[in-house]
Amino acid sequence: MEIGIGHYLILSGLLFSIGFVGVLRRKNLLMLFFATEVMLNAVNVAFAAIGNYYGDLSGQMFAFFVIAVAASEVAVGLGLLIVLYKKYGSLDLDVIATMKG
Amino acid sequence: MESLVYVALFAPFVGSLFAGLFFARSPKTHLVGIVASGLLALSFIASLMLAIHVAEFGAVHVTLMDWINAGDLSIPFGFLVDEVSVTMMVVVTLVSTVVHIYSIGYMDHDKGYNRFFSYLSAFVFSMLILVMSDNFAGLFIGWEGVGVCSWLLIGFWYHKADRPFEENPSISPSWAANEAFIMNRVADLGMLVGIFLIYWNIGSLQYDVVFEALPNLKDGILVAIAIALFIGAMGKSAQFPLHTWLTDAMEGPTPVSALIHAATMVTAGVFLVIRANPLFSLDAVAGVSFFIASLGAFVAFYAASMALSARDIKRIVALSTLSQLGYMFAAAGLGAYWIALFHLAAHAFFKALLFLGAGNVMHAMDDELDIFKMGGMKKVMRGSYIYMGIASVALAGLPFFAGFYSKDAIIETAFNDGSFIIWGILVITAGMTAFYSFRQVFFTFHGDERYKALGFHPHDMYKYVLVAMAPLAALAISFGWFMEDFREFITRNLPDYEMSHHTHHWAWLLGLLVIILAVTGIVIAYKKYAGTGKEAWKRDEVFEQSFIYRLVANQYYVPKFYDEFIVKPYTIASEKFWAIDKAVVDGSVDLIAKAFYKSGDVSRGMQNGNLSSYLNWMGAGALLLVVAAAISAFIG
């Protein structure tokens with residue numbers, strides 16, 4: 001059985017779904033970060049696969065961009081997390097919710 | 001001459017602004033009264049000079065500026081000072097000047113002194129616009145302006161509480177003011193329709209253009225215009241059935257009654273008919289004109305009959321005004337426009353004098369109006385007694401006084417026209433007029449001093465007030481002597497009215513008949529009311545219970561009828577409509593507001609500050625978009 005574009009896309013969809021469920025269900029901010037990373041990388045897989053499928057490099061270029069952006073985002077985000085943790089002593093979303101609508 | 005026109009017109013306006021802008025909130029100051037009176041006197045002098053100018057050189061026509069210019073419609077702010085309007089101007093400004101000076105004394109103790117002068121001068125300004133305008137639109141503006149001022153001034157003592165109808169037929173000043181305003185609104189609608197009809201059919205509102213084009217119109221349209229305009233005149237001049245407001249308007253201060261509800265504003269309707277004489281003298285509208293004359297005669301009699309039994313000193317004068325307005329309309333309807341205008345001017349002088357005299361009596365009696373409580377006051381109020389005597393003689397139409405000439409001319413006109421029913425009514429009314437006006441004089445100034453038992457201490461008005469009334473007294477005596485000059489002057493503009501040879505032949509007899517009736521009326525009044533001691537008048541309780549007396553004393557139950565069949569159903573209907581309005585209109589608006597409130601309340605729960613639930617909402621939204629995109633891709 002040859003591994004084709006369909007397989008990559010299914011993998012990407014699965015990964016994205018896992019990340020999505022993680023975003024929705026997780027309460028820990030750090031875990032949310034992981035979940036978003038999973039979603040970003042799922043998209044990267046799809047970009048690379050489709051780029052390859054069409055013989056077009058821009059898909060892979062885009063994947064690199066996403067990786068770069070994700071890296072910088074993580075750097076900033078983790079910094080924020082540390083500050084938040086120092087402030088609240090926890091990263092649980094239920095604990096750090098301050099607005100009461 | 002242009003500048004004189006503007007001086008005459010705007011001097012009262014300046015006076016009004018002076019009082020209204022600078023002194024509205026400041027305490028009473030005589031400066032306001034003096035400045036307003038001075039400006040009025042200035043306006044009077046300018047009017048007089050204009051009258052001389054018009055007599056020598058003819059009409060003055062000025063255009064101040066364009067007012068409305070839209071499409072084919074062009075209405076300038078133009079003023080026409082011809083024989084008719086200059087007569088009105090002189091009459092209005094003269095009476096206003098006297099009334100202004102009089103008010104300085106009369107309103108002396110009133111808190112609203114400054115406000116009063118502001119309104120009064122504004123009224124004169126509006127009245128001048130009404131008479132001077134050279135088009136129907138300007139006339140209408142003045143017409144509404146005097147209406148507003150009349151409303152303000154009738155309701156001048158708006159703080160007085162309502163009293164039941166049985167106790168005080170005019171209920172309260174604010175009620176009376178509203179009645180006058182609303183009733184005039186009904187009539188003004190007629191007037192507006194008339195003006196619209198004129199514009200639709202002729203395409204202009206300028207008097208000269210309109211009157212030139214009138215003969216080319218169809219008969220039906222002419223009749224419609226005449227009727228519509230006359231409905232407006234009926235409201236302003238308080239002709240039946242729109243007359244009830246005039247007697248109730250007596251709730252206003254007496255100078256107001258003298259100026260607005262006797263001498264000037266109520267004659268605006270007559271002025272309109274005179275002004276529009278090219279319309280009303282067309283053959284096509286002869287029916288309408290005859291109706292005007294008949295209605296005038298009817299109102300003359302009808303009002304005089306009510307005045308016979310009235311007890312309220314101001315109401316008597318108001319009813320006599322109504323009656324005299326009837327005379328004017330009778331003359332105008334019969335085509336004797338210049339006689340109508342002559343009677344208008346004469347009436348303005350003696351009626352204003354009569355009213356101001358009545359005001360003096362009221363002032364002396366601490367605003368007591370009931371003539372049953374007065375009597376024998378000639379000793380303490382000699383000046384007012386003489387003035388009211390002169391005015392009543394003029395009103396009764398005794399020889400050589402103003403009213404004699406003008407009223408006699410009207411009665412002669414009716415005879416000449418061959419309308420013997422109108423003639424008969426007017427003759428009988430002349431006798432009644434003499435009776436009721438002297439009934440009032442004798443009740444007030446002769447007989448027992450009934451006021452003493454009631455603890456009144458009357459005293460006459462200030463000297464300067466009495467002096468200020470002198471010009472009116474002089475004119476009430478002498479105005480009739482200038483009848484031929486007036487005729488010569490005014491018939492350059494108005495059609496002359498020639499009595500036939502036959503009438504000339506009988507004129508002396510007719511005059512004598514009227515004089516005999518008037519003298520009889522006065523003698524009866526004297527016998528009945530002027531005695532003292534044993535001869536003194538006593539209330540006739542049996543007669544007061546009779547049907548006729550009650551019918552007349554209750555103004556033929558017309559106010560009751562209006563109250564029962566118009567005001568009350570209208571009130572009920574208004575309440576019903578209010579309920580519907582609240583349920584439907586307010587309800588639907590409220591519903592929209594409520595929907596926003598509720599949705600906000602419900603969706604507020606989303607903003608709970610928990611990032612996790614935000615993300616859930618975001619996810620749901622994203623899914624929704626994906627689904628929507630999928631569906632649209634599927635369909636499209």
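Per chain, numbering begins at 1; letters A, B, ... match sequence-line order.
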Around atom [atom1] of [X], are there more than 12 heavy atoms of other residues, nucleotides or ligands at under 6.0 Å?
X        : atom1 : value
B:Tyr199 : OH    : yes
A:Lys27  : NZ    : yes
A:Arg25  : CZ    : no
A:Ile3   : CD1   : no

Notebook entry, point to check: Any side-chain heavy atom of A:Val23 within less than 4.5 Å of one from B:Asn616?
Noted result: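 They are not in contact (no side-chain heavy atoms under 4.5 Å apart), so the answer is no.
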Check: Which pair of heavy atoms, one from B:Ser612 and one from A:Leu24, lies closest together, and at what distance?
Finding: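 The pair with the smallest heavy-atom distance is OG-O, 3.8 Å.
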Next item on the list: First locate atom CG of B:Leu615, then atom CZ of A:Phe20, and finally report the distance between them rounded to the nearest 0.5 Å.
Entry: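 Rounded to the nearest 0.5 Å, the CG-CZ separation comes out at 9.5 Å.
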